[in-house]
Peer 1: 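To start, I am sharing the structure in question, which I have written as structure tokens.
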Protein chains: 2
Amino acid sequence: MRERILAEARRQFATLGFGAASLRGVARAVGISGPSVLYHFPSKEALRDAVLGDVLDHWQQHLPAALAAARGKEGRFDATVNALVSFFLADPPRAQLVVRELLDRPDEMRALLTARLAPWLSVVTDTIREGQARGSVRPELDPEAFVVQIVTMAVGTVAVGGTAASMFSMGEAPNERLAAELVRIARTSLFTG
Amino acid sequence: MRERILAEARRQFATLGFGAASLRGVARAVGISGPSVLYHFPSKEALRDAVLGDVLDHWQQHLPAALAAARGKEGRFDATVNALVSFFLADPPRAQLVVRELLDRPDEMRALLTARLAPWLSVVTDTIREGQARGSVRPELDPEAFVVQIVTMAVGTVAVGGTAASMFSMGEAPNERLAAELVRIARTSLFTG
DNA sequence: CCTACCGATCGGTAGG
DNA sequence: CCTACCGATCGGTAGG
């Protein structure tokens with residue numbers, strides 16, 4: 001039941017926002033009484049923390065594998081960025097929730113993301129710097145800022161990109177078009193030549 | 001007083017979110033009584049619509065001028081993208097509010113943004129297509145998707161980029177570093193050569 | 001896990 | 001613009 005509450009809370013926090021969602025609303029959706037949620041989580045804030053921690057756990061567990069699967073392919077970089085975007089696109093509520101948390105409590109999120117992503121990030125920026133030393137990556141590129149911008153685009157595409165795309169009457173498969181263009185932008189602005 | 005309520009509501013909706021903000025909270029901050037807000041706006045939802053409309057009015061009024069100022073400069077494109085990012089960076093609450101609205105009610109936002117931005121957008125994509133015809137813009141670029149991604153990066157940088165940047169211990173002026181890299185990414189992925 | 005219930009706060013109305 | 005007040009809903013507690 002704890003898992004069902006977490007999944008439903010994630011869904012409602014993502015679509016309604018934490019402030020507009022209610023414990024009773026989550027409880028009703030999973031078929032229990034309002035106060036019973038507080039048997040599994042001591043407070044609404046604790047539920048919020050658990051939902052967020054759950055999302056970050058999920059990313060930490062499955063994202064490395066998704067990225068590693070692209071490692072052997074030809075067009076390794078394109079496949080990696082594609083895997084990144086597809087990973088977020090496969091579950092929009094998680095990406096939306098993280099964007100909301102970044103807006104709602106930036107200070108806590110900074111601490112959390114630093115603790116969770118710092119090791120993974122330095123691997124990426126180190127790889128970019130190696131590419132710059134070898135001459136395959138553009139020398140004027142700012143590695144940290146580049147990574148932040150690519151991730152911002154990927155998460156943003158999932159969180160709000162669908163709406164932005166439909167506003168253009170972008171026809172069918174707008175998210176795929178956005179994802180493909182994101183990959184092109186990332187590749188072109190990364191590599192020399 | 002109507003303007004002061006709008007400004008304060010914009011600030012609180014942006015930082016707290018619409019659901020977590022309250023009419024009484026806005027009223028207290030501007031020094032009037034709770035129900036008095038409803039003398040100026042018939043309901044909380046009406047205040048929300050007014051705040052959002054005000055932001056879009058502001059963008060429609062001042063963004064063209066900010067972009068036009070870059071038109072004469074050398075490095076015209078860099079100056080334009082720089083102006084776009086600086087414009088959003090100068091007033092984060094407005095960008096945050098729009099991101100929140102995109103998450104809270106995507107359907108209404110699609111209609112609103114289509115009505116407001118459609119003409120301006122086709123100017124941009126038309127210019128890009130001309131550049132493709134002349135050979136100065138990369139032929140494989142997807143004009144609509146490109147514009148959506150650049151704007152997503154610009155708004156995302158303001159809305160959540162600061163947090164993302166500090167998570168890297170990006171040193172001083174992280175937003176300027178992000179903005180500069182955004183400009184570089186946009187330019188490099190747009191032009192041939 | 002439940003019911004019964006608490007004080008606080010919410011958006012909104014009445015009446016001036 | 002105000003005070004006084006409404007019903008509804010909120011997060012959370014007591015007690016089982």
Side-chain angles (χ1 to χ4, degrees), chain A residues 1-55 93 96-98 100-109 112, chain B residues 1-55 93 96-98 100-109 112:
Chain A
M1 176 51 68
R2 196 176 182 277
E3 316 303 324
R4 289 182 54 199
I5 294 174
L6 274 176
E8 182 60 28
R10 183 202 317 144
R11 222 180 51 80
Q12 296 202 15
F13 290 172
T15 56
L16 306 173
F18 178 78
S22 72
L23 293 178
R24 283 168 170 87
V26 173
R28 190 175 342 111
V30 300
I32 62 178
S33 220
S36 293
V37 176
L38 297 173
Y39 168 78
H40 297 278
F41 303 91
S43 69
K44 193 189 180 187
E45 278 295 334
L47 176 58
R48 167 184 226 167
D49 291 340
V51 166
L52 178 59
D54 190 57
V55 168
Q96 289 164 358
L97 184 105
V98 169
R100 284 195 188 274
E101 291 289 342
L102 281 164
L103 290 166
D104 285 352
R105 26 179 208 167
D107 295 341
E108 292 89 335
M109 286 302 281
L112 249 179
Chain B
M1 176 53 67
R2 198 176 181 277
E3 315 304 322
R4 289 182 54 198
I5 294 173
L6 274 176
E8 182 60 28
R10 182 203 317 146
R11 222 180 52 80
Q12 295 201 15
F13 291 172
T15 57
L16 306 171
F18 179 77
S22 72
L23 293 178
R24 284 168 170 86
V26 173
R28 193 176 339 114
V30 300
I32 63 177
S33 220
S36 293
V37 175
L38 297 173
Y39 168 78
H40 298 277
F41 303 92
S43 70
K44 192 189 181 187
E45 279 295 335
L47 176 57
R48 168 184 225 168
D49 291 341
V51 166
L52 179 59
D54 190 57
V55 168
Q96 289 164 358
L97 184 105
V98 168
R100 284 194 187 274
E101 291 289 342
L102 280 164
L103 290 166
D104 284 352
R105 24 179 209 168
D107 295 342
E108 291 89 335
M109 285 302 281
L112 249 179

Peer 1: When Watson-Crick pairs (N1 to N3 and N6-O4 or O6-N4) and G-U wobble pairs (N1-O2 and O6-N3) count only below 3.5 Å on both distances, what is the dot-bracket string of DNA chain C, with | for other-strand pairs?
Peer 2: ||||||||||||||||
Peer 1: Do A/Asp104 and B/Thr15 have side chains that get closer than 4.5 Å, going by heavy atoms?
Peer 2: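 Side-chain contact under 4.5 Å: no.
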Peer 1: Expressed as a whole number of angstroms, how long is the span from A/Arg48:CZ to D/dG12:P?
Peer 2: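 After rounding, the gap between these two atoms is 12 Å.
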Peer 1: For A/Ala46, check side-chain contact (heavy atoms from CB on, under 4.5 Å) against everything at least two apart and list the hits.
Peer 2: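 Applying side-chain contact (heavy atoms from CB on, under 4.5 Å) to A/Ala46 gives A/Pro42, A/Ser43.
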Peer 1: Under 4.0 Å from any atom of DNA chain C, heavy atoms only: list the residues of residues 7-18 of chain A that qualify, in numerical order.
Peer 2: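 By residue number: none to list.
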Peer 1: Tell me every residue that passes side-chain contact (heavy atoms from CB on, under 4.5 Å) with B/Pro35, counting only those two or more places apart in sequence or in another chain.
Peer 2: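 Scan of B/Pro35 (side-chain contact (heavy atoms from CB on, under 4.5 Å), adjacent residues dropped) gives B/Ser33.
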Peer 1: Roughly, in whole Å, what's the span from CZ in A/Arg4 to C1' in C/dC1?
Peer 2: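 To the nearest whole Å, that distance equals 13 Å.
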Peer 1: Which pairs, protein N/O on one side and nucleotides 13-16 of chain C N/O on the other, fall under 3.5 Å?
Peer 2:
none

Peer 1: Could you tell me which residues satisfy side chain to side chain donor-acceptor pair (under 3.5 Å) with A/Gln12, sequence neighbours excluded, listed by chain and number?
Peer 2: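 For A/Gln12, the residues satisfying side chain to side chain donor-acceptor pair (under 3.5 Å) (neighbours in sequence not counted) are A/Glu8.
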Peer 1: Could you give all pairs that pass the salt bridge (Lys or Arg N to Asp or Glu O under 4.0 Å) test and reach residues 20-45 of chain B, with sequence neighbours left out?
Peer 2: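 Salt bridge (Lys or Arg N to Asp or Glu O under 4.0 Å) check on residues 20-45 of chain B returns B/Glu45-B/Arg48.
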Peer 1: Select base, sugar-phosphate, or nothing to describe what A/Ser22 touches, counting heavy atoms under 4.0 Å on all strands.
Peer 2: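 Here A/Ser22 touches the backbone only, sparing every base.
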Peer 1: Using the test side chain to side chain donor-acceptor pair (under 3.5 Å), find all partners of A/Arg105 that sit at least two apart in sequence or belong to another chain.
Peer 2: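 Expected list: A/Asp49, A/Glu101.
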Peer 1: Just the rounded figure in Å: distance from P of D/dG12 to CD of A/Glu45.
Peer 2: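 A/Glu45 atom CD is separated from D/dG12 atom P by 8 Å.
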Peer 1: Would you please name every residue forming a side-chain contact (heavy atoms from CB on, under 4.5 Å) with B/Arg10, sequence neighbours left out?
Peer 2: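 So B/Arg10 forms a side-chain contact (heavy atoms from CB on, under 4.5 Å) with B/Ala7, B/Val51, B/Asp54, B/Val55, B/Asp91, B/Arg94.
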Peer 1: Taking CE from A/Met1 and C1' from C/dC1, how many angstroms apart are they, rounded to a whole number?
Peer 2: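 The distance from CE of A/Met1 to C1' of C/dC1 comes to 9 Å, rounded to the nearest Å.
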Peer 1: Tell me which residues in residues 24-34 of chain A lie within less than 4.0 Å of DNA chain D, going by non-hydrogen atoms.
Peer 2: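 A/Arg24, in order of number.
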Peer 1: What residue pairs, at least two apart or across chains, pass ring-ring contact (aromatic ring centres under 6.0 Å, His included) with a residue in residues 22-50 of chain B?
Peer 2: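 Every pair satisfying ring-ring contact (aromatic ring centres under 6.0 Å, His included) with a residue in residues 22-50 of chain B: there are none.
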Peer 1: Going by ring-ring contact (aromatic ring centres under 6.0 Å, His included), name the pairs with one or both residues in residues 7-35 of chain A, residues two or more places apart or in two chains.
Peer 2: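 Sorted result for residues 7-35 of chain A: A/Phe13-A/Phe18.
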Peer 1: How many whole angstroms separate atom CD1 of B/Ile5 from atom P of C/dG11?
Peer 2: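 Checked: the CD1 to P distance equals 14 Å.
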Peer 1: Would you find a donor on one side and an acceptor on the other, under 3.5 Å apart, between the side chain of B/Arg100 and the backbone of A/Arg100?
Peer 2: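 Pair absent, no side-chain N/O of B/Arg100 close to backbone of A/Arg100.
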